[in-house]
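To start, the structure under review is shown below, and the notes come after it.
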Amino acid sequence: AMIVAGVLLLASVMLGLFSSVATVLFTADPSRYPTAPSAYAGAKKYFGQYLWVAILVALAVIGGFILLIIPGIIFMVRFSFSQFTVLLEGKRGTDALRASRTLVQGRWWAVVVRQTTVGIVYVVATTIVEFAFGVIVPDETIAAGLTNFIVGLISIVITIYYYLLYKDLKAAGPVGAPVAEPTPAMS
């Protein structure tokens with residue numbers, strides 16, 4: 001039973017990642033991926049690199065949390081756009097992590113506030129959905145299925161939000177170096 005549960009969990013995670021790739025492709029380039037099936041077909045091309053970068057990000061974040069909690073949080077925010085750089089900029093491996101870090105650099109707190117806000121909305125929305133279906137639907141299996149379906153839809157909206165945040169950061173360009181104050185001329 002534990003092995004089956006583990007396999008199902010792994011399959012669920014992979015399907016979620018694959019769906020995220022398709023969602024980003026569908027949202028970012030609707031002329032190339034005008035339908036969900038075309039986006040899923042396109043996702044096959046990127047999935048390996050996307051998965052590799054997701055593993056690198058996970059290792060960095062876990063390593064940061066093992067060191068202390070604060071480095072884990074810093075890495076989590078710093079590398080949160082790595083997968084978008086794989087899909088939309090063609091970055092690979094650690095180059096994707098560096099590109100994400102560059103996007104966040106100088107805007108760390110603004111990104112944290114936005115990500116925390118959307119995280120809270122996600123937790124509240126999924127909790128309400130889970131509670132509502134638990135109360136309204138008498139069959140536990142049907143309630144769980146409906147909950148998972150709605151949470152999946154909420155996850156799509158969150159992925160689109162993260163894409164739009166990435167797009168805004170990309171459009172803003174890198175934060176420039178601070179300008180030095182003019183000094184009086186020495187005579």
Side-chain angles (χ1 to χ4, degrees), residues 7-58 61 76-105 107 110-130 132-133 142-174:
V7 168
L8 289 175
L9 177 63
L10 181 61
S12 175
V13 168
M14 292 300 171
L15 181 59
L17 289 173
F18 195 72
S19 293
S20 292
V21 173
T23 299
V24 172
L25 294 177
F26 181 76
T27 305
D29 196 354
S31 63
R32 188 169 174 195
Y33 304 102
T35 64
S38 67
Y40 275 95
K44 292 177 197 173
K45 174 182 174 185
Y46 298 100
F47 187 71
Q49 268 305 314
Y50 187 90
L51 179 61
W52 173 239
V53 168
I55 290 168
L56 290 176
V57 170
V61 171
M76 187 169 48
V77 173
R78 186 179 283 177
F79 300 138
S80 61
F81 300 102
S82 297
Q83 287 91 343
F84 292 101
T85 67
V86 169
L87 299 175
L88 305 173
E89 298 176 35
K91 303 289 184 187
R92 300 171 66 92
T94 55
D95 289 340
L97 277 65
R98 278 191 282 277
S100 178
R101 181 188 67 209
T102 300
L103 286 173
V104 173
Q105 196 168 6
R107 302 179 183 100
V111 172
V112 166
V113 167
R114 285 167 180 80
Q115 290 179 340
T116 302
T117 302
V118 79
I120 291 168
V121 168
Y122 177 81
V123 168
V124 168
T126 56
T127 302
I128 290 170
V129 167
E130 189 171 344
F133 283 131
I142 293 173
L146 290 171
T147 298
N148 288 338
F149 177 75
I150 299 299
V151 168
L153 293 177
I154 294 169
S155 296
I156 290 170
V157 172
I158 299 296
T159 299
I160 293 169
Y161 174 81
Y162 270 84
Y163 161 71
L164 293 173
L165 183 55
Y166 160 83
K167 188 176 165 185
D168 286 348
L169 291 170
K170 191 75 180 158

Exercise for the section: Work out which heavy atom in Thr27 is nearest to a heavy atom in Ile160; give both atom names and the distance. Expected result: OG1-CG1, 3.5 Å
Problem - Where Phe133 and Ala143 come nearest, the two heavy atoms and their spacing - result: O-CB, 3.5 Å
Exercise for the section: Provide the closest heavy-atom pair for Val86 versus Gln49 in the form atom of the first, atom of the second, distance. Expected result: CG1-CB, 3.8 Å
Exercise for the section: Kindly indicate whether the side chain of Gln83, heavy atoms from C-beta on, has any atom under 4.5 Å from the side chain of Ser20. Expected result: no
Practice task
Mind checking the CZ-CG spacing from Arg114 to Leu169? Nearest 0.5 Å is all I need.
Solution key: 8.0 Å
Exercise for the section: First locate atom CG of Leu87, then atom OG of Ser82, and finally report the distance between them rounded to the nearest 0.5 Å. Expected result: 11.0 Å
Problem - salt_bridge(Asp95, Arg92) N-O dist < 4.0 Å - result: no
Handout entry: Non-hydrogen side-chain atoms of Ser31 and Asp29 separated by less than 4.5 Å
Key = yes
Exercise for the section: For Thr126 and Val123, indicate whether the former's side chain and the latter's backbone hold a donor-acceptor pair under 3.5 Å. Expected result: yes
Practice task
For Thr117 and Val113, indicate whether the former's side chain and the latter's backbone hold a donor-acceptor pair under 3.5 Å.
Solution key: yes
Completion exercise
Output for pair (Tyr40 OH, Leu25 CG), nearest 0.5 Å, gives 10.5 Å
Completion exercise
Distance col, row Leu103:CG vs Leu165:CG, nearest 0.5 angstrom, shows 9.5 Å
Exercise for the section: To the nearest 0.5 Å, tell me how far Ile128 CD1 sits from Thr147 OG1. Expected result: 12.5 Å
Problem - Inter-residue atom distance Phe26.CZ - Thr159.OG1, 0.5 Å rounding - result: 13.5 Å
Problem - Note, Tyr163 side chain near Thr23 side chain (heavy atom, < 4.5 Å) - result: no
Exercise for the section: Kindly determine whether Tyr46 and Val24 satisfy side-chain contact (heavy atoms from CB on, under 4.5 Å), including the steps that lead there. Expected result: CA-CA 11 Å; Tyr46 298 100; Val24 172; over 6 Å; no
Problem - Close side-chain approach of Val151 and Glu130, heavy atoms under 4.5 Å - result: no
Completion exercise
What one should report as the nearest heavy-atom pair of Ala96 and Lys91 is CA-CB, 3.6 Å
Handout entry: Within-4.5 Å side-chain heavy-atom neighbours: Thr85 and Tyr166
Key = yes
Practice task
May I ask you to decide if Gly16's main-chain N or O and Ser19's side chain share a donor-acceptor pair within less than 3.5 Å?
Solution key: no
Exercise for the section: Determine the interplanar angle of the Phe84 and Phe81 rings, folded into 0 to 90°, and report it as parallel if under 30°, tilted if 30 to 60°, perpendicular if over 60°. Expected result: tilted
Problem - Minimum side-chain heavy-atom gap Gln115-Met76 below 4.5 Å - result: no
Handout entry: Least distance between heavy atoms, Ala43 atom then Ala22 atom
Key = CB-N, 4.0 Å
Practice task
Compare all side-chain heavy atoms of Phe79 with those of Leu56 and state whether any distance is below 4.5 angstrom.
Solution key: no
